[in-house]
Every structure is written in C-alpha cells, then in structure tokens.
Amino acid sequence: MFQLSRSDLDTLLTLLRQRGYAVVGPTVRDRAVVYDEIESTRDLPEGWTDEQSAGRYRLAHGSNRALFGYVVGPHSWKRFLHPPALRLWRAKRSDRGDRGTVFEGEERTPRRFAFFGVRPCEIAAIARQDRVFLGGPFVEPTYRGNREGLFVVAVHCTEPKGSCFCASMGTGPRAGGGFDIALTELLSDGREPTYLAEPGSDRGAELLAELSPAEASAELCARAEDEVSRASERMGRSLATDGLKEVLERSYESPRWAEVAKRCLSCANCTMVCPTCFCANVEDTTDLAGATAERWRRWDSCFTTDFSYLHGGAVRFSPESRYRQWLVHKLGTWFDQFGTSGCVGCGRCITWCPAAIDITEEARALQTADAKRRPRALGGESA
C-alpha cells in the first residue's frame, strides 16, 4: 500500500494521457455525477455527496474536500464499452446509370480507455458484461475493441448510500480484483484527503512506481481497512440471495407481479441505468429522398412492448409480464445463461425508478409469500 496526495493523482492522470489513454472519470453535470472525459482532479466532484433512496437522487455539498464522496449516478461504464447507439453500416444509391446500391461498412478504431474512479460494484458489472459479450462462441467486436487494453483505477467504498446493497451481492464495498490500481480515500478535517493506493496488475505497479510514492504506514492501512469494513455494515439495503433463484422459479403465478404492475410505468429507466443490462435492437432508417439508408444498433429494454414482438404481436404485452421477465432474469435465469447473478447491488434501478419500485423489496415479498406456501406444499413440514 502506498500513500498518495491529490497532486499525485493529477500526475497519475497526466501519465495515463501520455500513454495514449482517453481518461474517463466522474464529474458533475446537470445536477448529477456523470462519467465523461477528464483532464485533472479539478474535473472531479470535489466536496459533493449524493443522497439516494427509492425514486430519489439529490446532490449536496459535503462538509469536506472529498473527491469521491458520491457513490454512483445515472451513468454506468457500459456506455463506453457497449455504446448506446452504434451505426452498423450505411448504404447509398450509386451515381451510376444502373442505379445500383453501394454498401459501406463501419471501420472503427477502438479507443484506449482509462476508467478513473470505478466502484467495486461497477468492476463486477464489467465482469458480467465480459461474460455476455466475450464469453461465448460469438464475440461482440465493438465491445472487445473497447475492452482490450482498458486501464481501471478503482475506488473502494467507505460511504454507502441508501440504495446500496453490494455487500449482499458479494461485489463490494472492497474490490477483490479486476483493477490496475485501487484507491481508498481517507478524509481529514479541513485538509486534503489522503489516498492509499494498491496495485492490481503489472501495469498498475509500473505506473505507481513512476510516482515514487511513500509506503503507507500500518496505522493508515488499518484505518482504511476499518472504514471499508464499516461500510459493509452500513448498507442502505440488503437482499437474501440463498435459494432466491428457486423461489423465483416457483413464483411465476404469484399475485405480487400484478401488484407491482399497478405502479410500474414501463419507462425502462431501470434497464437504462443498470450497469449489466445488455439488450439491444436493430433499426433501419432512410432519408426522404430514398438515396441513403443506415442500420443502427441501439440499446433496448425488456420493458418496451416491441422488444418481445413476434409475428402477430408482442409476447409480453402487459407491464406485469415485462416486470416479471426483468426481475426473474436479473436475479434468476442469468445463472442459467452466464453462471452468475445479473445484479451487482449498485442500487441504480431503485434510485432512478420514478415509481420508487425497489428490487430488494419485491424479491423479499416473493420470498415471504413462497415461505408461507411451502409448508402447505410439503404437508405441514418446513421447507
């Protein structure tokens, strides 16, 4: 563990840019913490914190000079690896007399990204998307190009918010891997925070060595470990995951789906802010003259009616069926597809739902109802 100052972080950002990385980190815009390209620590959300609960997000000025006093905002890192809109090809009518059509493919030069300030739950989300786009027999080339060479500077969490439940999902508040450098921000009254840095790869160790950092004292290391451990005990939400997949499989006809559908707006906010949702659709467009046409891939959601459209109509035409599809897939059938849960406990879907629907509350209601049914189903014996 090494001790860094804020000026060391600025040097780190400079070194990353000198190596050809496009450095992306948190910044404040439109009254939220979002991810965008940054140049120095002046671009970071210094002194800002966030207040989050079901259906509510507010930024507020903190009482310190923290650079990482927030948790997560509406953006996730997937927007840089799996872009929301991507043109696949373009076609235009030929100028030749035979009125032929010329197709133009999209040649892309992948960007070398350095993600700065990645939370542990978000590192887990990137790993989930790796399984989706890189883990099967068919590899998604745009994702692979953006993912290769990615440099990750993580930040361990010390201040969880009201919607967080990463401890339940085993994805935080400490990052267990998947980073090149991990930081822990330690606050001091009226002074600049101190940062403890640990390398997670050879690239990270090499970059830290260029900073010539001092070795962190045993006292600072113990304090950092204590603050991260206490963060695990102060999560705003929790989710019991043992046997949850089986509960969901037994709950397809539960009346709870109809109850939540009365509130669900099918707005797709939950899937748009989710760092692991990966569904997309293909859209063809043409100009009014009929001279050019384009095919685009755009993010889509299982909450839209057209998403489940087959010949003759939509398969999941009701909000009830669409919400059930989303929750059962996220917490259950992801295991069948990818061997893990599709949820990392970041809490975005809770915060950014305008109807304040809480995935942990809905899962708990299904578990409670299932526990009441099971003894009767087993002839009076407990499950």
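Counting from 1, the numbers follow the sequence of the chain as shown.
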Sub-4.5 Å side-chain heavy-atom contact between [X] and [Y]:
| X | Y | answer |
| --- | --- | --- |
| C349 | C274 | no |
| V34 | T27 | yes |
| D300 | D306 | no |
| C166 | V344 | no |
| V132 | F338 | yes |
| T158 | L187 | no |
| R6 | P193 | no |
| W257 | L327 | yes |

Applying salt bridge (charged side-chain N to carboxylate O under 4.0 Å, His left out), run through D370 and R373 and close with a yes or a no. CA-CA 5 Å; D370 181 74; R373 291 194 306 268; 3.4 Å; yes
Which heavy-atom pair separates [X] from [Y] by the least distance, and what is that distance?
| X | Y | result |
| --- | --- | --- |
| Q3 | L196 | CA-CD2, 4.2 Å |
| P120 | V155 | CD-O, 3.2 Å |
| R128 | C343 | NH2-O, 3.8 Å |
| D50 | V71 | OD2-N, 3.0 Å |
| F151 | D180 | CA-OD2, 3.3 Å |
| R93 | A289 | NH2-O, 4.1 Å |

Is the side chain of [X] donor-acceptor paired with the backbone N or O of [Y] at a distance under 3.5 Å, no angle test?
| X | Y | value |
| --- | --- | --- |
| S232 | V228 | no |
| S40 | D10 | no |
| S308 | R316 | yes |
| E106 | L88 | no |
| R112 | R19 | yes |
| T276 | G342 | yes |
| N64 | A66 | yes |

Take the angle between the ring planes of F278 and W334 and call it parallel below 30°, perpendicular above 60°, tilted in between.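 Rings of F278 and W334: perpendicular, as their planes differ by over 60°.
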Hey, can you tell me if F103 and W89 have their rings parallel, tilted or perpendicular (30° and 60° cut-offs)?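 F103 vs W89 ring planes: perpendicular.
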With rounding to the nearest 0.5 angstrom, report the CG to CG distance, L134 to L81.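 L134 CG to L81 CG: 9.5 Å, rounded to 0.5 Å.
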Please determine whether a side-chain nitrogen of the Lys or Arg among [X] and [Y] lies less than 4.0 Å from a carboxylate oxygen of the Asp or Glu.
| X | Y | value |
| --- | --- | --- |
| R364 | D358 | no |
| K245 | E249 | yes |
| R17 | E39 | no |

Side-chain donor-acceptor pair present, [X], [Y], cut-off under 3.5 Å:
| X | Y | answer |
| --- | --- | --- |
| S321 | S318 | yes |
| E227 | H156 | no |
| S5 | D8 | yes |
| S76 | R348 | no |

Please evaluate residues K161 and E51 with respect to the criterion salt bridge (charged side-chain N to carboxylate O under 4.0 Å, His left out), reporting the C-alpha separation (whole Å), side-chain torsions for both, the decisive distance (0.1 Å), and the verdict. CA-CA 7 Å; K161 303 301 178 181; E51 301 171 358; over 6 Å; no
Dump the intermediate steps for salt bridge (charged side-chain N to carboxylate O under 4.0 Å, His left out) on E259 and R256, then the final yes or no. CA-CA 5 Å; E259 293 178 27; R256 184 71 185 189; 3.5 Å; yes
Passing option when E140 is tested against R147, R297, K78 for salt bridge (charged side-chain N to carboxylate O under 4.0 Å, His left out):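 With E140 as partner, salt bridge (charged side-chain N to carboxylate O under 4.0 Å, His left out) holds for just one option, R297.
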Please evaluate residues R131 and T340 with respect to the criterion side chain to side chain donor-acceptor pair (under 3.5 Å), reporting the C-alpha separation (whole Å), side-chain torsions for both, the decisive distance (0.1 Å), and the verdict. CA-CA 10 Å; R131 295 192 183 192; T340 186; 4.8 Å; no
